[in-house]
Every structure is written in C-alpha cells, then in structure tokens.
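Please read the structure below before turning to the comments.
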Amino acid sequence: MILLSSAAVASLFGAGIALLLRRSLVAMIVGASLVSNAAFVFLVAAGGHLGHAPIAPVVGDPNDPLGQALALTGLVINLGTTAVLVALVNGVWATDRTLDLDDVARAARREDDAREDPA
Amino acid sequence: MSVVLPLAVTWVSGAALVFLDGRRTWVTVLAMLALAGNLVTLMPLLDAPVAQVLAGGWPEGLGIRLTSDPLGVMFALMAGLVLLGALAFEFARGISWPRLPAVIVLLACGLDGLFLTADAFNFYVFFEITMLSSLALTAYGPDRARFREALLFAFVNAVGSVFFLGSVAALYRMTGTLDMQGIERALAGAPVGTALPVAALLLVAFALKLGIVPFHFWVPGVYVGATTGIAAVLGGAVSSVGTYGLLRFGAGLLPQDVALAREALQALGGVSVLYGALLALGRTRPAAVLAYTAVSQAGYVLVALSVGGPAGYAAAALVGVVNALDKGLLFLAAGLPGRVGRVSVLLGALSAAGLPPGVGFFSKYALLRAAGTAEAWWVVLLVVAGGGLGLSAMIRLHQACAWDTRRRAPVTRGPLARLVVAALAAATVALAVWPEPLLVWGERVGMRLGAP
C-alpha cells in the first residue's frame, strides 16, 4: 500500500513537472495543479496505511483522518491559486495576444531592448 | 492584550474593504486605520510575556496554537509598518484599482497569521493567503506588461508552496503532530540526519521566497517595473517570510540539520552576497540595483544561520528585521523624486551597506561578532568583502536615483509621500541612535531559538 501511494505521488508530481516545462501557458496551469495534487495525495498517505476508513462506528485500527482534513483545506486553497493563475494568463492574453511561453518571453525581450536602459 | 486581536482587526476590515471602492479617499483612509490598528494591537505583545491562544478551545496538542513569540511579533510589526507606508505612498500616487487597499489589508492579515501561529499546517494556510495577496499586488500598475512578471512569480511561488506542503506532510508522518513545539520535542531525540530531506525541501521553499542564489531568477523581473509601493511591499514585507521561515523551521525545529549543512549554507549565502552585489554594480535603473542588492542581503541571513548558536540566530533575526525595514525605505525613497527622496535613499543605503548612521551597522556588527566568537573566519571575510561590495552597490544606487531622467507621473499628494518616506528614514536613524531595544530583542530571540 505504501508502494502504491508512493508511486501515485511520484507519477502525479512527474506528470505535473513535465507539463510545467511545456510552452503552452494552459499546460503550465494544469501542471501546477497536478503538482499540488501530488502533495495532497502525500498528505492523505501521511495518515497511515492500516487499512480501515476512519468512519464511525470504528472497527479495528482506523487510518488517521487528519491527513484527509488537511488535504481538503489544501484543495480549497488550490482552487483559489488556480483561479488566480487563470486570471493572470487571461491578463497575458489581453496584453500579448498569445498563450505560448516563447512568444511571451520574446515580447518581453523586445520591450526590454527597446527601453533605453535595460534592467 | 490577546494574540488574536491583530488577526481579527485585519481580517474583518479586509473582508469589509473588498466590497468598497478603493479609489475613494475615505476607503483608503479606513484601510490605513486598519493597518494602524494592526500595529497598535501588536506593540503590547512585544514586551509582554509570551502568551498563547488555542483556537476553538481545543486541548493542548490538538488545537491550533497562536503564540506571541518575540520573533514573530517583531517581524509582524516590521511588515505591518512597511505595508502601512506602502499603502500611504500608493495613496499619494493615486490608486487605480478599487481592490488595492483591501488586498493590502488582507496581506497584512496573512502575514500576521503566519508570524503568530505555532502550528505547521496553519503556517501553510497563511503562507498561501500571503502568496495569493502578493500575486494580486504584483499584477497591479499602469504597465501592461505586469502580467508576465506576475505569472512567473505565480508559478515559482506555486512550486515553492508545494515543496513546503510536502515537508509539512513529511514532518507530520514522522512526528505525529502538527504543533511546532511538539515537532521540536519529537525530533530532538532522533538520530542526526533523520529529517535531512525535509530540511532540504524547507530550505528550497524559503530560499525561493527570499531570493537566494540559485533561486533568485524571479527577483529582478518582478521588482523592476512594479509600482513603488508594491515593490516596497514585496521587498520589505513578503520577503521577510523567507527569513522568518528559515529561523522558525530551520533554527527552531531542525537545528541538527542546520548544523549538519553548515558549509553548504555558508556557500549558498556567500555566493548570494557576492553575486547580488556584483550584479547590482552593473545596473542603471534604481529598481534593478535594489533588486540585486535584495539578493545580496538575503545571503547574509543564510550565512548568519550557518554560524549557529544563540549569537548566530540572534544575528540572523537582526539581519532579517533590519533588512525588511531597509528594503521598505529604499524602494519607497527610490520612487520619490526630490530632496527628501535623495536623503532618504542615502540613509537607507548606508544602513543596507552596514555603516552608521544606519541601523544596519548594528545587525552586521552582531553578525561579525557572532562569527568571530564561533571562529568562523571565512564568514568574517565574507561579511567584510560583501560589505565593501555592498557599499559600492549602494553608491551606484544613489547615482542611479540622482540621474534617473525617466519622465514619471507626478505625485498627486506630494507632502504625504514625502512624509511617509521621511518617517521611515527617521525610524531607521532613531533605531541607530538608540539600538538597545532591538539588540535586547535579538538576544531574547537567540536565547529562545538556541536553547537546547
């Protein structure tokens, strides 16, 4: 069970990082979300693997429900963060008319060069 | 005076302000009153004996603890002061976004909660509140290109937060508790190096926040082009989260791992100090010079942490607090044209370089003395070399401000802006003339953190 949850965390994190390294801004948002979800699975797994769900009436040794409560809080925070990220990407779209990271970087470089004194 | 009061003041007023139009004068005045109230409720907590409140009345060990630890209260005070000054400065400039005062008050709430909590996951929640507010602030300004930098800042912060959450989960798995004191007690008896991966993750998360090499890449882009008040908020208030995190989680919870990684911390900090100061010399825009000196000053915190012991931790706390005040003053003063601005830049620059009559002299001296007592001669050499380079960078900053020929929008309420900057400059000089309270506070913090 520990192996299964570790593999889940690792694959989610890996997929998220792979998406974060891509050119499309939307892919980067999904990647950030996946990376956060990897941390939440880790939180739930931190509650233990004894096997019984922590729902009353308790039978045997239940898992620790605190990890799940923390993951719920984190999910709500993640919702807020994703919303802000989408708003910022919308702002970049409004300014540069592109969702491609390379185009955005090129536009930034062009503006920097056009200034008299680069930063 | 209750620990909950600063949080309650900023929380309630921030929530109410969201519905009001921040471009109106009375709304901004309300927001400034809320921030002033924040400072007023924090000040009694500094000298009073350490109090704690268990949220919801839950028993000890289960409930979320809020505590008026001297380290947290001083950082909250300094951040609150910088926020108040920045809001007043933006008000003097003219606010173009209705939600700006509300977001700044909510940022104050997030910072208060972060500095006053003694629960690891609660720290994460307030860390996220702070991050979301600062993201919204980074995108503020007349320059349309702000969204690019805000996006970079957002992704970098998101990854940093995930690293921090991962380390909190790992600490919970290892110790079975989220309470900071409980974690400290549980890890005290563990064999050396048990929590090393967790310590590494925490270092990455806070180094990203602070802007230490090699996690400094986002700093210049975000600071250059930000409006003056926002740059002061980011440099003065938000970056102090990194310093506080390193002290609270590093020195407080994982001192064995800090001692284990002493050379690595010295190397990272040293590279930051020298790299930041060298690059600052090659810049012409004031904000760019300040951004790189921010990287440089951040390195001193890591170096002080590596010296260790009560003296080293006291020096790290002093360096962090003085740095927050300096950066707040410098960013605001660099954006103010005129004589008051130039003199304030000079005073702030002297403090950042570690020379009298700046309060930075005392923080750098504390670091030198701690390093000398611990016989860490490389650190002494680094601080002296970094001080020399930093002084050159500061002279560069003064030049850049004096020769700044860009046409800037006129400051609508000039006297208010000048008052704010002059007040901050006077605060640094006052602290330099009478450093006793600050030094006593530093010793207190060092004793509490360094006590075995």
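Proteins get letters first, then strands, A, B, ... in listed order; numbering begins at 1 in each.
With respect to chain B, the highest number of heavy-atom pairs below 4.5 Å among A/Ala32, A/Gly67, A/Ala107 belongs to A/Ala107. Among B/Ser161, B/Gly166, B/Gly176, the residue with the largest count of heavy-atom pairs under 4.5 Å with chain A is B/Gly166. In terms of heavy-atom pairs under 4.5 angstrom with chain B, the leader among A/Val9, A/Leu101, A/Asp96, A/Val84 is A/Asp96.
Proximity of A/Leu43 to B/Tyr172: side-chain heavy atoms (C-beta onward) are nowhere separated by under 4.5 Å. With contacts defined as side-chain heavy-atom distances shorter than 4.5 Å, the pair B/Phe153/A/Leu88 does not qualify. You'll find the side chain of A/Thr73 reaches within 4.5 Å of the side chain of B/Phe121, heavy atoms only. Residues B/Glu128 and A/Asn78 form no side-chain contact, since every pair of their non-hydrogen atoms from C-beta on lies 4.5 Å or further apart. The side-chain heavy atoms of A/Phe42 and B/Leu165, taken from C-beta on, include no pair separated by under 4.5 Å. With a 4.5 Å cut-off on side-chain heavy atoms, B/Phe147 and A/Asn90 do not count as touching.
Using a 4.5 Å cut-off between heavy atoms, B/Val289 does not touch chain A at all. In this structure, chain A has a heavy atom under 4.5 Å from the side chain of B/Leu178, while its backbone stays farther away. Of the atoms belonging to A/Ile17, not a single heavy atom falls under 4.5 Å from chain B. Contact of B/Ala139 with chain A is made through the side chain alone, with heavy-atom distances under 4.5 Å. Neither the backbone nor the side chain of A/Val44 comes within contact range of chain B; no heavy atoms are under 4.5 Å apart. Contacts between B/Met174 and chain A at a heavy-atom distance below 4.5 Å are absent for every atom of the residue. The contact between B/Ala170 and chain A is made by backbone and side chain atoms together, counting heavy-atom distances below 4.5 Å. Both the backbone and the side chain of B/Leu151 have a heavy atom closer than 4.5 Å to some heavy atom of chain A.
To the nearest 0.5 Å, atom CD1 of residue A/Ile77 and atom CG of residue B/Leu132 are 8.0 Å apart.
When all heavy atoms of A/Val92 and B/Arg148 are compared, the pair lying nearest together is CG2-N, 4.0 Å.
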